[in-house]
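Both counts, for ligands and for their atoms, begin at 1 and track the order of listing. FYI, side chains are in, hydrogens and waters are out, and symmetry mates aren't considered; it's all heavy atoms of this structure.
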Amino acid sequence: MSVVVRVQAPSNIALVKYMGKQDASLNIPANPSISMTLDALCTFTELKWIPASVFRLDWSGLESFEGKTLRPMPLREKDRAKMERHFRRVIEHFGHPVCGHWTVSTGNAFPAGAGIASSASGFAALTLAIAAALGHADASIEELSSLSRQGSGSSCRSFAGPWVRWQGEVATPLESHFEPLSDLVLLVEEGEKTVGSTEAHQRVRTSPRWDGRTERVTDRLGRLEAVLKGGDWQGLTCLAWEEAMDMHDLFHTAEPAFSYWKPQTREILDWLARCGARTGISDHGAVRAAVTLDAGPNVHLLIPQTDELFWVSRLSRTFPNLPVLVDRQGVGARVLSLNREVP
Ligand code: PMV
């Protein structure tokens, strides 16, 4: 017998950020976070399992999937070791002995290391693929998110959507009456990050701004939940900006200080602020756009799906050399196919 499962798991973009851990070994966050689940910016994973008495795990890159060109996930030695630990953890969680010949092929539909959380979609895809291969495709969001979190924290928010709240061990869907949104990612740089997120989670604690971070986040979480229920654009815009700057201030004031920003990041932020995407108001009236940044130089702009064309053409006129990725809100990881073959 062999099992072949194919899954797709999206990345997510947080508006209240996970930055700092309460328990680093279990990836328990220092504070709750809220994110919007993405859709096309995702990882595709194909997992093949042939039962055997010994354990063997092979990794390979997936270059395309159903006509879509992918970027095979670059696995450094330490990423591979982390993924293998996660592999064993998930198998054991479902009560199976760690054995059999497993082949994982995986690829991203977006540039890795671009400040778009590829570890989020990668670990969510891997967790769901193993669960499905072992007969647990219908595991609850709570169970999958709790498991995936132990591999990569932010991956726990990629199992539901469009809005998700992560607190403690699990992430759960969040009520929202907001209109369908798009995320425009202004790709300032595609290179690898100089400070990885594991390091960033530790270093932010050395910032004088770490004091009071929990209080500031608690206040924003309450406000964001109300804003999402009420579909309040101005509230969303102000909150998103405030929180993104708060997280980057932690980086800029850590000891030693570090920054993900490039000169163009600042230029884009200044331009967006002049357009009203900081306060929700411009000289011409209300602006429906919210700005955020992950741990990277790229700027995310959340806008109504109906305004995509308007914003993309405005951005390409203003920043002609800047690639813009367009994605939309999504519903979370899903199994695309599951085949059991009995020889
Ligand atoms: O899951 P990690 O350890 O890669 O954390 C990434 C955290 C941020 O992307 C910077 C913020 C967030 O909440 O997604």
Side-chain angles (χ1 to χ4, degrees), residues 9-38 41 43 73 76 78-79 82-83 85-86 108 110 112-127 145-159 161 163-171 174 183 185 192-205 207 210 213-214 216-217 220-221 224 239-240 242-252 254 258-261 265 291-300 302 332:
S11 182
N12 62 73
I13 177 72
L15 289 198
V16 172
K17 311 284 183 184
Y18 156 49
M19 188 38 63
K21 302 185 190 191
Q22 198 185 92
D23 181 334
S25 63
L26 289 171
N27 285 341
I28 300 293
N31 57 262
S33 55
I34 292 178
S35 59
M36 187 179 90
T37 308
L38 297 178
L41 294 172
T43 298
M73 215 191 275
R76 291 163 301 186
K78 70 175 193 326
D79 299 330
K82 194 172 160 189
M83 287 214 150
R85 277 199 302 281
H86 189 62
N108 291 328
F110 57 89
I116 304 166
S118 73
S119 76
S121 56
F123 275 89
L126 186 62
T127 307
S145 72
S146 169
L147 258 176
S148 200
R149 183 204 80 241
Q150 297 172 58
S152 148
S154 53
S155 73
C156 76
R157 294 185 312 227
S158 284
F159 291 93
W163 291 94
V164 174
R165 178 188 166 114
W166 169 22
Q167 175 150 19
E169 296 188 1
V170 295
L174 191 63
D183 179 20
V185 191
E192 278 297 319
K193 294 191 259 188
T194 44
V195 177
S197 68
T198 308
E199 173 78 21
H201 285 294
Q202 288 167 2
R203 250 203 254 174
V204 287
R205 293 179 169 272
S207 159
W210 182 252
R213 168 76 182 152
T214 312
R216 297 194 298 278
V217 166
R220 280 179 209 133
L221 282 165
L224 182 54
L239 265 168
E242 209 178 289
E243 169 66 2
M245 296 308 136
D246 192 354
M247 182 175 76
H248 283 266
D249 271 355
L250 292 173
F251 304 151
H252 299 166
F258 59 106
S259 179
Y260 294 106
W261 292 6
T265 309
V291 177
T292 192
L293 295 102
D294 253 333
N298 305 317
V299 180
H300 292 248
L302 269 56

**OP:** Measure the distances from the heavy atoms of Ala120 to every atom of ligand 1 and state whether one is below 4.0 angstrom.
**Re:**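 False for this residue.
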
Rounded to the nearest 0.5 Å, what separation is found between the [atom1] atom of [X] and the [atom2] atom of [Y]?
X	Y	atom1	atom2	result
Leu41	Asn108	CG	CG	9.5 Å
Leu126	Met83	CG	CE	5.5 Å
Leu38	Arg157	CG	CZ	10.5 Å
Gln22	Asn27	CD	CG	12.0 Å

At less than 4.0 angstrom from any non-hydrogen atom of [X], what atoms of ligand 1 do you find?
X	answer
His201	2 (P), 3 (O), 5 (O)
Ala14	12 (C), 13 (O), 14 (O)
Met19	10 (C)
Asp294	8 (C), 9 (O), 10 (C), 11 (C), 12 (C), 14 (O)
Ala295	10 (C)
Gly153	1 (O)
Ser152	1 (O)

Ligand 1 N/O within reach of [X] N/O, cut-off under 3.5 Å:
X	value
Ser33	no
Lys17	no
Asn12	no
Ser154	yes
Arg157	yes

**OP:** Inspect the contact between Arg220 and Asp246 and indicate whether a charged nitrogen and a carboxylate oxygen are less than 4.0 angstrom apart.
**Re:** yes

Original post:
In terms of ring plane angle, is the pair Tyr18 and His201 parallel, tilted or perpendicular, where the classes change at 30° and 60°?
Top reply: tilted

Original post:
Has Arg203 got its NZ or CZ under 6.0 Å from the middle of the six-membered ring of Phe258, at an angle within 45 degrees of the ring axis?
Top reply: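 Yes; both conditions hold, so Arg203 lies above the ring face of Phe258.
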
**OP:** Scan side-chain atoms only and decide if Thr214 and Asn31 contain a donor-acceptor pair under the 3.5 Å cut-off.
**Re:** no

Subject >> For ligand 1, the portion of Ser119 having any non-hydrogen atom under 4.0 Å away >> reply: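 Contact part for Ser119 vs ligand 1: side chain (C-beta onward).
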
Original post:
Could you go step by step and tell me if Thr292 and His300 meet the side chain to side chain donor-acceptor pair (under 3.5 Å) rule?
Top reply: CA-CA 5 Å; Thr292 192; His300 292 248; over 6 Å; no

